[in-house]
Amino acid sequence: GAGVSQSPSNKVTEKGKDVELRCDPISGHTALYWYRQSLGQGLEFLIYFQGNSAPDKSGLPSDRFSAERTGGSVSTLTIQRTQQEDSAVYLCASSLGGTSGSYEQYFGPGTRLTVT
Amino acid sequence: KNQVEQSPQSLIILEGKNCTLQCNYTVSPFSNLRWYKQDTGRGPVSLTIMTFSENTKSNGRYTATLDADTKQSSLHITASQLSDSASYICVVSPGGGYNKLIFGAGTRLAVHP
């Protein structure tokens, strides 16, 4: 079946502009994650959605970052008033869910964001 | 602080050779440890996942080991191929019903002909 897809694959924006990144998880996966990967750094957790529960937003670096997941499927990560330090690859992953931490996470190809 | 440290940062080997990548972690409590392969421009793909009770797990030419007492893991690649060129990421899942993964920075492996 289809894997996790993300769009756009690349995004170049000017400092101060807002951007929206999209993630389509694997059908039937109830858990969805957003991560940020900066050059030479490990993946940094941003936000976690699980079913109809309130999302875990503890990883969002500032209030310029927000995310929503509509209908328990597609998710959008929004960055307002982008800054140069926001330049990174944003990865989305989905899993069958649960809180045991043992479910396999399947990653999308990422969106490379460049803020000029 | 929960951390995952990987070594070496980068590695170059010749095609057909073996190599071993290291991972040390200080995550506690501990649920499981995973190794991912990330090709350039792609998302990570799972290679192995081990719970604290497992010492070794293989996936083709990839063999992961885990010593939960010393909090060390290794990934051994046998008879390397050019397609093994990628970043290899060690990831630890804390226990306690917590589903956030903690990622190492990865080892960048280059296999040369």
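A quick note: this is a predicted structure, and the numbers were derived from the prediction, not measured. Reminder, nothing fancy here: chain letters follow the sequence lines and each chain counts from 1.
Hydrophobic clustering (ILVMFWY, side-chain heavy atoms < 4.5 Å, transitive): Val92(B) and Tyr62(B) are in one cluster. Grouping the Ile, Leu, Val, Met, Phe, Trp and Tyr side chains by contacts below 4.5 angstrom, directly or via other members, places Ile47(A) apart from Leu43(A). In this structure, Val91(B) is a member of the same hydrophobic cluster as Phe45(A), with clusters built from ILVMFWY side-chain heavy atoms closer than 4.5 Å. Hydrophobic clustering places Leu66(B) together with Ile77(B) (ILVMFWY residues linked when any side-chain heavy atoms are closer than 4.5 Å, directly or through intermediates). Under a hydrophobic-cluster definition in which Ile, Leu, Val, Met, Phe, Trp and Tyr are linked whenever side-chain heavy atoms come within less than 4.5 Å, directly or via other members, Trp35(B) and Phe52(B) are assigned to the same cluster.
One distance of note links OH of Tyr36(B) with CD of Glu104(A); it measures 4.0 Å at 0.5 Å rounding. Distance CD/Gln37(A) to CD/Gln38(B): 4.0 Å, rounded to 0.5 Å. With values rounded to the nearest 0.5 angstrom, Arg42(B) atom CZ is found 12.5 Å from Leu91(A) atom CG.
Gln9(B) does not touch chain A: none of its heavy atoms, backbone or side chain, sits under 4.5 Å away. Contacts between Glu44(A) and chain B at a heavy-atom distance below 4.5 Å are absent for every atom of the residue.
The environment of Glu14(A) atom CD is sparse: at most 12 non-hydrogen atoms of other residues, nucleotides or ligands sit within 6.0 angstrom. Under a cut-off of 6.0 angstrom, the local environment of CG in Asn52(A) is sparse, with at most 12 non-hydrogen atoms contributed by other residues, nucleotides or ligands. Within a 6.0 Å sphere centred on CG of Leu39(A), other residues, nucleotides and ligands contribute 12 heavy atoms or fewer.
Considering Tyr48(A), Tyr35(A), Tyr33(A) as possible partners of Leu101(B), the one that fulfils the side-chain contact (heavy atoms from CB on, under 4.5 Å) test is Tyr35(A).
The stretch residues 106-116 of chain A places Phe107(A), Gly108(A), Pro109(A) near chain B, each with some heavy atom under 4.5 Å from a heavy atom of that chain.
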